[in-house]
Amino acid sequence: MFNNRSRIKELLTSDKTNYQTTVMGWVRTFRNNQFIALNDGSTNNNLQVVVALGSLDETTIKRITTGACIKAVGEIIPSLGKGQKVELIANSVEILGDSDAEKFPLQPKKHSLEFLREIAHLRFRTNTFGAIFRVRHALAFAIHEFFNKKNFVYLHTPIITASDAEGAGEMFKVTTLPLDGTAPKNDDGSINFKDDFFGRSTNLTVSGQLEGELAAMAFSDIYTFGPTFRAENSNTTRHLAEFWMIEPEMAFSDLEDNMNLAEEFIKYIIKHAMDNNREDLEFLAQRLEEEEKSKPQNERSEMGLIEKLEFVVNNDFERITYTEAIDILRESNHNKKKKFQYLINEWGIDLQSEHERYLVEKHFKKPVILTNYPKDIKAFYMRQNDDGKTVAAMDILAPGIGEIVGGSQREERLDKLTQRMNEMHIPTEELDWYLDTRRFGACPHAGFGLGFERIVLFVTGMGNIRDVIPFPRYPKSASF
RNA sequence: UCCUCCUUAGCUCAGUUGGUUAGAGCAUCUGACUGUUAAUCAGAGGGUCGCCCGUUCAAGUCGGGCAGGGGGAGCCA
């Protein structure tokens, strides 16, 4: 057997000393021809491997460079130096993989996030990205744990979809037809997909919600957690062309049940990360604090990262209706002094991100759930309220990020749903399968979508969504 | 897609009103030192100043175009 190594995290957290062990990992720094800071990704903390002077031949010493992969066998002892509790006195060091110091781009110094994004295949080996992706893992695990405990069924909705009528965004086409202009055409010049792989036009999914609703009409409670694709030309710090989305769908639920679940869910996964990835979060908190120092005073956040997360876990989200939000915004000094770029004067307009930020960061200073939006600015499947003007929608807005959840109680009444689809020019024939849920045993139900990377952004305190997914895809960029 | 800022060594950045041979710190290499914590000390190498066109006796510096990147907006999760 090759691998009988100890994990560095276990060595560093145990009080045991004076025993032989084997470690493997990547060299972060090599100081004084004696001290190797070794990292194996199990924690951000390095194990100090001590090489006694003269104990290794000159060629091996030269090959211990930043980025090299090594195996060290030796004894764990209480450290003779300051800065770490234990260290490993190496009896032998074996180079598993060389790393040319002149070419390896990571140096024992600070790099900009922009530079690291260009070498995303190597950035896992930095403290910041090590912490981010361990936290990302913890959040993903907690999501499954949360829903499993609540007896939700994890449903895999299709990634290739035939429906393009959901209106959630621009879609990527999926085809095996030739792209050189020789693809078969209809009389009107459009592509004829009859001879395409699926015999019809297909796309990458923009949402698993409609399929999720089908399953909720059998299992009561389901959730999806998978990749989602939007071909929007969005160049922002909070949009990706490929991202992961969590979409629970619950039968026998109304808007309030929906809000309760979403709030409990967000608190649960944040708490899981705080309980299990404390060190990583503390590292990220420190990183954020240093980054904030370079900002002007008025742009700095009032709370540190850990404080902010604790605050979210321990306090109720503010719940207000769209109408109440409009009143607050209209009466705000900010609006009266015309500090908004888009001034609030009438009911019915869509809120701009400056308005959302004002509500969340200035007025309430906590996550806000906005409900009952005007029906004209929301999707066709949202349940119409009795006032005839609004729908049972809810958005959760998080400080620093904006919309993190979008959800609604679904319109379960067939006549109301088809009427709304007609008004919005959504072809009912194409979604006939969806309408069957309303024909056969319909019930009040609700659900929401949560952008996974947005919650990872929030929990890690990072500023750009491209830094919380391993290999980001966005306009003009699909490297690796 | 729109607005705005940026692009100089491997990285992070200086570079004055256009003017000789474009600098620093870190990294790398060579040597010294050896219980170091992003080790330290001495020395060396390293540049198509993003690309193209223009203005000028002269362009890293001024103007135009293109490309790439950052921030903001829209679309949204």
Side-chain angles (χ1 to χ4, degrees), chain A residues 28-37 45-54 61-62 65-67 77 79-84 87 89 99-119 126-127 166-170 206-209 224-247 262 294-295 299 341-342 350-357 377-379 395-398 401-407 448-458 463-467 469 474-477 479:
Chain A
R28 285 287 173 85
T29 64
F30 184 31
R31 285 184 295 270
N32 235 353
N33 275 3
Q34 270 186 100
F35 303 101
I36 303 168
N45 299 315
N46 302 321
L47 176 70
Q48 173 151 285
V49 175
V50 184
V51 180
L53 283 170
I61 292 278
K62 283 260 184 291
T65 55
T66 301
I77 60 158
S79 179
L80 303 178
K82 289 171 191 162
Q84 57 279 317
E87 62 192 16
I89 302 290
S99 174
D100 187 337
E102 284 195 71
K103 292 181 184 149
F104 187 60
L106 293 173
Q107 302 157 10
K109 60 168 278 190
K110 264 215 162 64
H111 291 292
S112 67
L113 295 171
E114 293 79 23
F115 171 66
L116 293 171
R117 211 172 290 149
E118 289 169 17
I119 51 165
T126 63
N127 285 333
E166 293 164 38
E170 286 298 310
V206 291
S207 162
Q209 181 202 314
T224 74
F225 183 9
T228 310
F229 308 87
R230 306 263 167 102
E232 303 283 348
N233 191 9
S234 298
N235 295 284
T236 78
T237 54
R238 51 189 189 284
H239 288 86
L240 290 165
E242 176 183 296
F243 64 101
W244 288 64
M245 189 153 63
I246 298 106
E247 295 178 288
S294 61
K295 285 187 187 169
E299 284 176 30
Q341 199 183 337
Y342 295 89
D350 208 352
L351 296 179
Q352 305 288 320
S353 51
E354 59 174 341
H355 305 134
E356 297 179 348
R357 267 211 307 279
I377 57 173
K378 286 291 179 184
D395 283 0
I396 302 186
L397 311 176
I401 306 211
E403 186 175 342
I404 199 162
V405 163
F448 62 85
L450 179 142
F452 184 50
E453 283 75 19
R454 292 205 177 158
I455 196 85
V456 181
L457 257 189
F458 183 74
N464 192 321
I465 202 163
R466 296 166 186 179
D467 293 329
I469 188 167
Y474 49 95
K476 298 282 179 299
S477 181
S479 306

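In this structure A/Q84 satisfies the side-chain hydrogen bond (donor to acceptor under 3.5 Å, both in side chains) test together with A/S79, sequence neighbours excluded. Applying the side-chain hydrogen bond (donor to acceptor under 3.5 Å, both in side chains) test to A/N233 and every residue at least two apart in sequence or in another chain returns A/N235. Residues satisfying the ring pair (Phe, Tyr, Trp, His ring centres under 6.0 Å) test with A/F448, not counting sequence neighbours, are none. Shown here are the salt bridge (charged side-chain N to carboxylate O under 4.0 Å, His left out) partners of A/R31, two or more places apart in sequence or in another chain: there are none. In this structure A/E87 satisfies the salt bridge (charged side-chain N to carboxylate O under 4.0 Å, His left out) test with no other residue, sequence neighbours excluded. Shown here are the salt bridge (charged side-chain N to carboxylate O under 4.0 Å, His left out) partners of A/K82, two or more places apart in sequence or in another chain: there are none.
Within the nucleic acid shown, A/E247 has no heavy atom closer than 4.0 Å to any nucleic acid atom. Among the protein residues, A/I246 comes within range of no part of the nucleic acid, since none of its heavy atoms lies under 4.0 Å from any strand. A/E354 comes within contact range of no nucleotide atom at all, as no heavy-atom separation falls under 4.0 Å. The residue A/S79 sits close to a base: some heavy atom pair falls under 4.0 Å. Residue A/R117 is in sugar-phosphate contact alone, with no base atom involved, counting any heavy-atom pair closer than 4.0 Å across all strands shown. Using a 4.0 Å heavy-atom distance criterion, A/T29 is classed as a sugar-phosphate-only contact. Within the nucleic acid shown, A/G81 comes within 4.0 Å of at least one base atom, counting heavy atoms only. Residue-level contact check: A/F115 touches the backbone only, with heavy atoms under 4.0 Å from sugar-phosphate atoms and none from bases. Across all strands, A/E114 comes closer than 4.0 Å only to sugar-phosphate atoms, never to a base (heavy-atom distances).
Atom CG of A/N235 is separated from atom C1' of B/U1 by 8 Å (rounded to the nearest Å). Distance, A/I119 CD1 to B/G69 C1': 15 Å, rounded to whole Å. Across the protein-nucleic acid pair, A/I36 atom CD1 and B/U36 atom C1' stand 12 Å apart, rounded to whole Å. Remark: P of B/C76 and CD of A/Q352 are 11 Å apart, rounded to the nearest angstrom. Counting to the nearest Å, the C1' atom of B/A77 and the CD1 atom of A/I465 are 8 Å from each other. Summarising the geometry, the separation between CG on A/L113 and P on B/U12 is reported as 11 Å, rounded to the nearest angstrom. One interatomic measurement links the two molecules: CD of A/E118 to C1' of B/U7, which rounds to 11 Å at whole-angstrom precision. Across the protein-nucleic acid pair, A/K476 atom NZ and B/C66 atom C1' stand 13 Å apart, rounded to whole Å.
Between the side chain of A/Q341 and the base of B/G72, no donor-acceptor pair of N or O atoms lies under 3.5 Å. The base of B/C75 sits with one of its N or O atoms less than 3.5 Å from a complementary donor or acceptor on the side chain of A/S234. Under 3.5 Å, the side chain of A/H111 and the base of B/C11 form no donor-acceptor pair of N or O atoms. With hydrogens and angles left out, the side chain of A/N32 and the base of B/U37 share no donor-acceptor pair within 3.5 Å.
Considering all non-hydrogen atoms of both residues, A/T65 and A/S99 come closest at OG1-O, 2.6 Å. The two atoms that bring A/T237 and A/L457 nearest to each other are O-CD1, 4.0 Å, heavy atoms only.
The phosphate of B/A73 (OP1 or OP2) has a side-chain N or O of A/R357 nearer than 4.0 angstrom. Proximity of A/S112 to the phosphate of B/U12: a side-chain N or O atom is located under 4.0 Å from OP1 or OP2. Applying the 4.0 Å criterion to OP1 and OP2 of B/U40, one finds that A/R31 has every side-chain N and O outside that range. Taking side-chain N and O atoms only, A/Q48 has no distance below 4.0 Å to OP1 or OP2 of B/U37. Contact check, A/R466 against B/G71: no side-chain N or O comes under 4.0 Å of OP1 or OP2. An OP1 or OP2 oxygen of B/U1 is reached within less than 4.0 angstrom by a side-chain nitrogen or oxygen of A/N233. Put simply, A/S353 has a side-chain N or O that comes within less than 4.0 Å of OP1 or OP2 on B/A73. For the OP1/OP2 pair of B/G71 and a distance below 4.0 Å, the side-chain nitrogens and oxygens of A/N464 include at least one atom meeting the criterion.
Helical stems involving RNA chain B, defined as 3 or more consecutive Watson-Crick or G-U pairs under 3.5 Å, span B:1-7 with B:67-73, B:10-13 with B:23-26, B:28-32 with B:40-44, B:50-54 with B:62-66.
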Whether each nucleotide of nucleotides 23-30 of chain B has a protein heavy atom under 4.0 Å at its base (B), only at its sugar-phosphate (S) or at neither (-) is summarised, 5' to 3', as --BBSSS-

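Closest to the A/T236 side chain, of the nucleotides B/C33, B/G74, B/G35, is B/G74.
For the pair A/F35/A/V50, a side-chain contact is recorded, criterion being any heavy-atom separation below 4.5 Å from C-beta on. Two residues are said to be in side-chain contact when any heavy atoms from C-beta on lie closer than 4.5 Å; A/I465 and A/H239 fail this criterion.
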Side-chain donor-acceptor contacts of residues 111-118 of chain A below 3.5 Å, not counting sequence neighbours, with atom names and distances?
| from | atom 1 | to | atom 2 | distance (Å) |
| --- | --- | --- | --- | --- |
| A/H111 | NE2 | A/Q107 | N | 3.0 |
| A/S112 | OG | A/F115 | N | 3.1 |
| A/R117 | NE | A/D467 | OD1 | 2.9 |
| A/R117 | NH2 | A/D467 | OD1 | 3.3 |
| A/R117 | NH2 | A/D467 | OD2 | 2.8 |

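The aromatic ring of A/F243 is stacked on the base of B/A77, with the two ring centres less than 5.5 Å apart and the planes inclined by under 30°.
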